[in-house]
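To find a chain, count down the sequence lines: A is the first, B the second, and so on, and within it residues start at 1.
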Amino acid sequence: MEFSEICEYFDRIESMASRLEMTQILAQMLSKVPAQDMRHVIYLSQGALGPRHHSIEAGLGEGLIVQGIGKATGYQKEEILKMYKEVGDLGTVCQRLAGRKKQRALFSGKLTVEKVFSNFVKISQLSGSGSQDSKLRMFAELINSSGGTEAKYITRIPLGNMRLGIGDPTIMEALALNYTGEFLSDRKMRRKIAEELKEKFDDVPEGEVARKARQRLRAIIEGKYNIFSDLGEIARRLKENGLKGLDEISIQAGTPIRPTLAERLPSSKEIIEKLGKCEVQAKYDGLRVQCHKENGKVTIFSRQSENITPMFPDLVEAVKVQIKAQTAIFEGEALAFNEETEQYFPFQVTITRKRKYDVAQKAIELPLRLFAFDLMFANGENTMPLPFIERGRRLAQIIGKGDTIRIAKSIVTDDAKELEDFFLESIENGLEGIIAKDLNAPYIAGARKFAWIKLKRSYKGELNDSVDLTIIGYFRGRGKRAQFGLGGLLTAVYDEKSDTFRSVTKIGTGMSEQMLSELESKLSKIAKKQKPARVESDIIPDVWTEPKYVIEVVADEITRSPMHTAGAQKGSPGYALRFPRMIKFREKRAEESTSVAEIIEMHKKQGTRQVESPKDGPGAQGPQRI
DNA sequence: TATGACTGCCC
DNA sequence: ATTCTGC
DNA sequence: GCAGAATGGGCAGTCATA
């Protein structure tokens with residue numbers, strides 16, 4: 001199939017606001033894709049080169065793509081960057097510049113989907129000395145074989161951001177649309193659906209049957225995707241064998257399951273109102289891991305279904321030893337643990353675990369604990385449909401003796417006060433909060449369905465201090481933020497000793513579109529060509545501003561920072577905010593914003609965290625009590 | 001050999 | 001991760 | 001309420017270059 005044909009559909013989808021119409025156009029496109037191109041088309045639509053667990057990455061980010069556009073079009077880096085700041089999308093930049101190329105290129109025949117995909121796979125495989133140049137050459141070659149529309153999408157693909165307005169759910173919906181006919185051609189199924197609808201309608205409209213069938217098929221496709229994690233392959237099987245192509249997809253150790261996500265609520269009371277009696281688990285601040293045991297083989301997947309087994313040789317061993325089942329899939333939160341002090345390390349320490357070199361050595365320095373919290377598969381049985389309470393029982397049964405793997409701490413309650421006490425106890429012990437789980441719910445993969453609800457300290461205003469920060473600059477927006485001329489802020493705390501404003505965080509969320517406009521209009525009036533004299537920041541915004549406006553900001557945590565200058569001294573790092581979000585403008589003078597001293601004080605008060613690590617390394621954080 | 005820009009992926 | 005917005 | 005697209009700090013690893 002020609003790549004340009006796909007790009008024409010992409011363009012139509014991108015310009016469409018209506019979800020329903022987008023889905024229809026996508027369905028139409030997919031109906032035209034031959035089986036041998038199907039996986040590629042799906043992956044490219046997702047801005048990817050394969051499912052997450054296959055880890056095929058182009059290795060071309062913004063920086064290299066800017067170079068690549070230069071190579072392809074003959075424009076200077078500066079010109080490209082300037083245009084990027086204005087339009088907010090490198091694909092559009094490439095499309096425009098390729099249209100008025102300085103070097104007239106050889107338009108060498110038509111690009112096929114196969115050609116584009118295989119070139120990106122080749123790009124992804126290049127490594128070692130000189131590889132960046134080779135990648136850029138191949139990228140430029142693709143651009144120079146393209147028309148403008150193709151250039152736009154060829155640019156967006158390696159960046160992983162297609163800006164089409166379609167994600168996995170829309171792709172599944174489109175597939176369901178395309179196979180509803182086949183689904184209903186099964187007489188039994190049609191009759192069954194018609195029967196069910198008779199309860200609602202005296203005279204069942206044909207459209208209703210189709211709609212209900214589509215919903216049911218969507219659920220089937222989603223169910224398969226949830227245990228298979230490869231939408232391209234699902235679409236290919238459908239194309240090749242129709243609905244029976246899905247039959248062979250079943251839960252299997254070694255193939256990641258899309259993890260359940262949690263919703264949020266701001267109080268214990270609301271959680272109980274929503275769930276009634278529920279299990280309340282401690283929420284540990286580490287890495288969420290999905291462990292697969294298949295006889296002697298263990299694979300570990302991340303929350304995004306990446307294969308991260310190489311990071312955890314110790315956990316692999318523990319699964320082999322401690323899990324009393326031939327095959328199993330279970331989930332938990334992995335954290336670094338200090339065996340001497342019996343304390344858990346904060347996330348920033350856990351994440352320093354190595355991925356490739358000196359893995360074993362680091363694993364000894366920072367041993368792990370795994371708090372298991374759910375079970376999806378055991379001894380050949382899919383446990384996902386079982387009620388949570390039963391999965392929990394079985395999980396406890398298969399965890400054998402050992403230090404590494406244990407069950408997450410939890411209580412069962414239908415009382416808001418009890419839940420609140422457990423939450424507060426968790427907070428006091430330095431944990432993130434709690435997750436409440438519906439006792440009767442199955443494992444609902446890949447969805448936020450209020451079966452799991454999280455409550456963190458930062459959701460509760462009375463437990464979480466906000467800070468007042470001075471805006472010292474801003475960044476141009478990308479994508480739909482480009483139209484506002486502002487996509488984020490650079491903010492600072494006030495250092496009384498030196499009368500300077502020192503950067504502490506960028507802010508990119510919490511502001512409405514109206515607020516973005518207001519910010520741009522206010523800040524552009526006090527823009528400065530250079531960094532103002534009283535500002536200390538290693539991060540350079542697109543536009544510096546006079547330190548004047550103060551905003552209220554909420555964050556989950558204060559961390560030591562290698563990038564921000566707030567509180568930084570020679571040889572010791574500064575401070576930053578974790579998960580910052582803007583709340584509102586404050587009517588204050590810049591000098592009245594939160595001070596460096598206050599930030600340091602707030603950092604000290606977080607749990608029992610220390611500034612120095614046990615090894616006295618700079619920037620490291622100490623353990624927290626549990 | 002050391003450093004910094006860049007990338008991908010954790011939260 | 002958090003948050004906002006169109007449907 | 002769903003789905004999608006904006007945006008955050010900061011880690012290890014890769015590659016180019018001083």
State whether [Y] and [X] meet the cation-pi test: NZ (Lys) or CZ (Arg) under 6.0 Å from the six-membered ring centroid, and within 45° of the perpendicular axis.
X	Y	answer
A:K362	A:Y357	no
A:K71	A:F139	no
A:R353	A:F312	no

[X] [atom1] to [N] [atom2]: how many Å, rounded?
X	N	atom1	atom2	result
A:R288	B:dC11	CZ	P	9 Å
A:F484	C:dT3	CZ	P	19 Å
A:D556	C:dT2	CG	P	6 Å
A:E306	D:dA12	CD	C1'	14 Å
A:K354	D:dG13	NZ	C1'	9 Å
A:R355	B:dC11	CZ	C1'	12 Å
A:Q514	C:dT3	CD	C1'	16 Å
A:R581	C:dC4	CZ	P	10 Å

Of all the choices, [options], which nucleotide is nearest to the side chain of [X] once you look at every atom?
X	options	answer
A:E513	C:dT5, B:dC10, B:dG8	C:dT5
A:R19	D:dG4, B:dC10, D:dG10	D:dG4
A:L64	D:dC15, C:dA1, B:dT7	B:dT7
A:T170	B:dG8, D:dA3, D:dG8	D:dA3
A:K356	D:dA3, C:dG6, D:dG13	D:dG13

Does the side chain of [X] get closer than 4.0 angstrom to OP1 or OP2 of [N] through an N or O atom?
X	N	value
A:Y284	B:dC11	no
A:K480	D:dA5	no
A:Q304	B:dC10	no
A:R264	C:dT2	yes
A:K456	C:dT2	yes
A:K362	D:dC11	no
A:N161	D:dA6	yes
A:T505	D:dG9	yes
A:R478	D:dT7	yes
A:Y459	C:dT2	yes
A:S302	B:dC10	yes
A:T559	D:dG10	yes
A:R52	B:dG8	no
A:S561	D:dG10	yes

Reckon [X] touches a base, only the sugar-phosphate, or nothing at all at heavy-atom distances under 4.0 Å?
X	answer
A:M511	sugar-phosphate
A:G160	nothing
A:T350	nothing
A:I166	sugar-phosphate
A:F475	nothing
A:S131	sugar-phosphate
A:G488	nothing
A:R303	sugar-phosphate
A:R218	sugar-phosphate
A:S55	nothing
A:A17	sugar-phosphate
A:L164	sugar-phosphate

State whether a side-chain donor-acceptor pair under 3.5 Å links [X] with [Y].
X	Y	answer
A:Y153	A:Q95	no
A:S537	A:T565	no
A:D542	A:Y474	no

Identify, between A:V289 and A:G59, the residue whose nearest nucleotide on DNA chain B lies closer to the 5' end. A:G59

Anything under 30° is parallel, anything over 60° is perpendicular, the rest tilted; go ahead and classify A:Y284 against A:F371. parallel

Salt-bridge test for A:E513 and A:K480: reply yes if a basic N is under 4.0 Å from a carboxylate O, no otherwise. no

Quiz item: A:R578 side-chain donor-acceptor pair to B:dC11 base, under 3.5 Å: no

Do the side chain of A:T509 and the base of D:dT7 come within less than 3.5 angstrom through a donor-acceptor pair of N or O atoms? no

Which whole number of Å gives the distance between the C1' atom of C:dA1 and that of B:dG8? 16 Å

